[in-house]
Amino acid sequence: MANPRVRALIRRRKWGKRDWAITAAGFTFILLALGLTLLFDSRDPRGRTPPTFDHHRHSTQGLVPLTLLHRAKATGAFCLDGSLPGYHFQKGSESGSNNWLLHIDGGGWCSSIKTCNIRKGTALGSSKYMNRLVPFAGILSRHPSENPDFYNWNIVKIRYCDGASFAGHPESEFKNGTKLFFRGQLIWEAIMSELLSLGLSKAKQALLSGCSAGGLATLIHCDEFRDHLPRDATVKCLADAGFFLDEPDILGNSTISDFYHDVVQLQGVAKSLSKKCVRTMEPSKCMFPQEIIKNVRTPLFIVNPAYDFWQIQHVLVPVGSDPHGYWRRCRLNIKECDSSQIKTLQGFRTSMLKALSKVEKDKEGGMFINSCFVHCQTWMAETWHSPDSPRINNKTIAESVGDWYFKRKPWKEIDCPYPCNPTCHNMITRGPS
Ligand SMILES: *[C@@H]1O[C@H](CO)[C@@H](O)[C@H](O)[C@H]1NC(C)=O
Ligand SMILES: *[C@@H]1O[C@H](CO)[C@@H](O)[C@H](O)[C@H]1NC(C)=O
Ligand SMILES: *[C@@H]1O[C@H](CO)[C@@H](O)[C@H](O)[C@H]1NC(C)=O
């Protein structure tokens, strides 16, 4: 299992214009748990060849090089394996020169010495394996047609290599003599310090964003980010597919809650969570967005599909919850679900909307909760802003986020329940055969 190799292709299939298929060879549960970013990012685990995304309109023009964070040495802000963390930076221009958009990568978490050891041999735990050039698409794109509001901002993609949403602490290291670095919080601080020196400290407008585990990191670090910037700057945060629900699985077991508990224990995450929350409940509960948002002061926008396939496959119907395989097809492709399974999925959507009621009531809060079977949607051109993007009330995600950021028009969008929205890009995922 060490150094897992993934050859993943994400491409449109003939049988459905809006269906995307993930074909992955050597696909294991562990890799599934690492999430979609791994599929996109680590086609070559050595990171030598830049990925080619044939469905990314501007992929050939938008490649941005990796910068290793040399200042990380001073504070010991290392990736899981002890290598330097990194980021990709594209300088802003003209009206965007003093504006900054940061995007934190996703890629699941590791909850045990064993899974962290596996991860440290991949791009999600070591910069040795990271692609040196990555495409900037969707919210990262420099093309106004693809990214109307942020295209000329300073744009930074922060690589994820600690396994705990940038919230691990070194006090938890070296259990059983295993060499693993739990430096997530230090990495976050070193990256902030570098970006502040590159001009972020003089930002007029800024948006911290992230997808999946990076969406969770965005929520965890949102107020810290705000506090680094000038008081008169406009600063907001956007979490994409990071609204992980504290929900039991279909057997009633607390699978995700137990998993978060293990991540928090292993990496000492409690120190990065809200003190107020940690005083009143089990620290790992404070890592769930529904608790985090109660204490965030900075305006938040939540982009999340109500039928987030990662959550369906890991929170609601993890493999262990379906020993007879009744959900085998449905959990990979929403079109294969029968009516009772759809009813269960509607219950999940209801829980999500309930957990989001604070954001919905908050005057400054924004949301785009579409009824699609997908995961991250902001960093892909097709789902962020394109002629056939998913829409709610005829608005793309990019338009809703822009309307919220600049306070242009009403910016809270909640879709009608599945299968009402024909604009969805529903994914077809393939699990272990
Ligand atoms: C450390 O090793 C002991 C004995 O092998 C084991 O019981 C314990 O669970 C290990 N601790 C961790 C965190 O893996
Ligand atoms: C999940 O729940 C079932 C039934 O309540 C129980 O028998 C089983 O041991 C649980 N599985 C796990 C992994 O906790
Ligand atoms: C939806 O928005 C597009 C532009 O984004 C516009 O051309 C079209 O007319 C709108 N459709 C409806 C039904 O309002």
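One-based numbering along the sequence shown. If you're wondering where the values come from, they're calculated on a predicted model, not measured in any experiment.
Aromatic ring pairs are classed by plane angle as parallel below 30°, tilted from 30° to 60° and perpendicular above 60°; the pair Trp109 and Phe244 is perpendicular. Between His314 and Trp310, the two ring planes are parallel [angle under 30°; tilted spans 30° to 60°].
Applying the side chain to side chain donor-acceptor pair (under 3.5 Å) test to residues at least two apart or on different chains, the pairs with a partner in residues 233-250 are Asp240-Thr378, Asp246-Lys285, Glu247-Ser351, Asp249-Thr255. Every pair tested for ring pair (Phe, Tyr, Trp, His ring centres under 6.0 Å) that includes a residue from residues 263-287 fails, sequence neighbours excluded, so the list is empty. Screening residues 293-306 for salt bridge (charged side-chain N to carboxylate O under 4.0 Å, His left out) gives Asp223-Arg297, Asp227-Arg297, Glu291-Lys294 as the qualifying pairs, with residues at least two apart or on separate chains. Sorted by first then second residue, the disulfide bond (SG atoms under 2.5 Å apart) pairs that include residues 214-256, not counting sequence neighbours, are Cys222-Cys237. Applying the salt bridge (charged side-chain N to carboxylate O under 4.0 Å, His left out) rule to pairs touching residues 345-366 yields Glu364-Lys407, sequence neighbours excluded.
Ring pair Tyr160/Phe166: centre-to-centre distance below 6.0 Å.
Around the CZ atom of Arg329, the shell of radius 6.0 Å holds no more than 12 heavy atoms that belong to other residues, nucleotides or ligands.
Applying the side-chain contact (heavy atoms from CB on, under 4.5 Å) criterion to Asp322, with sequence neighbours excluded, gives Val317, Tyr326, Trp327. When the side chain to side chain donor-acceptor pair (under 3.5 Å) test is applied to Gln346, the partners found at least two apart in sequence or on another chain are Tyr307. Take Phe368 and apply the ring-ring contact (aromatic ring centres under 6.0 Å, His included) test, not counting sequence neighbours, and it matches no residue. Applying the side-chain contact (heavy atoms from CB on, under 4.5 Å) test to Asn98 and every residue at least two apart in sequence or in another chain returns Lys204. Scanning for side-chain contact (heavy atoms from CB on, under 4.5 Å) contacts around Ser93 gives Asn152, with sequence neighbours left out.
In this structure, Lys271 pairs ionically with Glu171, as a charged nitrogen and a carboxylate oxygen lie closer than 4.0 Å. Electrostatic pairing of Arg119 and Asp81 does not count as a salt bridge here, judged by no charged N lying under 4.0 Å from a carboxylate O. Salt bridge Glu173/Arg183: present, at least one basic N to carboxylate O contact under 4.0 Å.
Using modelled atom types and a 3.5 Å distance limit, the side chains of His385 and Thr396 yield a donor-acceptor pair. Counted by atom type alone, Ser111 and Asp262 present zero donor-acceptor pairs between their side chains at under 3.5 Å.
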For residues 186-193, run the donor-acceptor check on the side chains, cut-off 3.5 Å, and write out each pair with its distance to 0.1 Å, sequence neighbours left out.
| residue | atom | partner | partner atom | Å |
| --- | --- | --- | --- | --- |
| Trp188 | NE1 | Glu224 | OE1 | 3.1 |
| Glu189 | OE2 | Gln185 | NE2 | 2.9 |
| Ser193 | OG | Arg71 | NH1 | 2.7 |

Check residues 277-284 and write down every donor-acceptor pair under 3.5 Å in which the side-chain atom is one partner and the other belongs to a residue at least two apart or another chain.
| residue | atom | partner | partner atom | Å |
| --- | --- | --- | --- | --- |
| Thr280 | OG1 | Cys277 | O | 3.0 |
| Glu282 | OE2 | Ser284 | OG | 3.2 |

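A donor-acceptor distance shorter than 3.5 angstrom exists from the side chain of Asn304 to the backbone of Phe243, with no hydrogens or angles considered. The main-chain N or O of Arg159 is never found under 3.5 Å from a side-chain atom of Asp105 such that the two would form a donor-acceptor pair.
Rounding to the nearest 0.5 Å places CD of Gln290 at 10.0 Å from OG of Ser357.
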Next on the checklist: As a quick check of understanding, evaluate side chain to side chain donor-acceptor pair (under 3.5 Å) for Glu194 and Tyr87, giving each step before the final call.
Outcome noted: CA-CA 10 Å; Glu194 176 125 330; Tyr87 64 91; 2.5 Å; yes
Checklist entry - Given the rule in the side chain to side chain donor-acceptor pair (under 3.5 Å) test, do Asn421 and Asp415 qualify, once you have shown the distances and angles that lead to the verdict? => result CA-CA 8 Å; Asn421 190 338; Asp415 212 347; 2.8 Å; yes
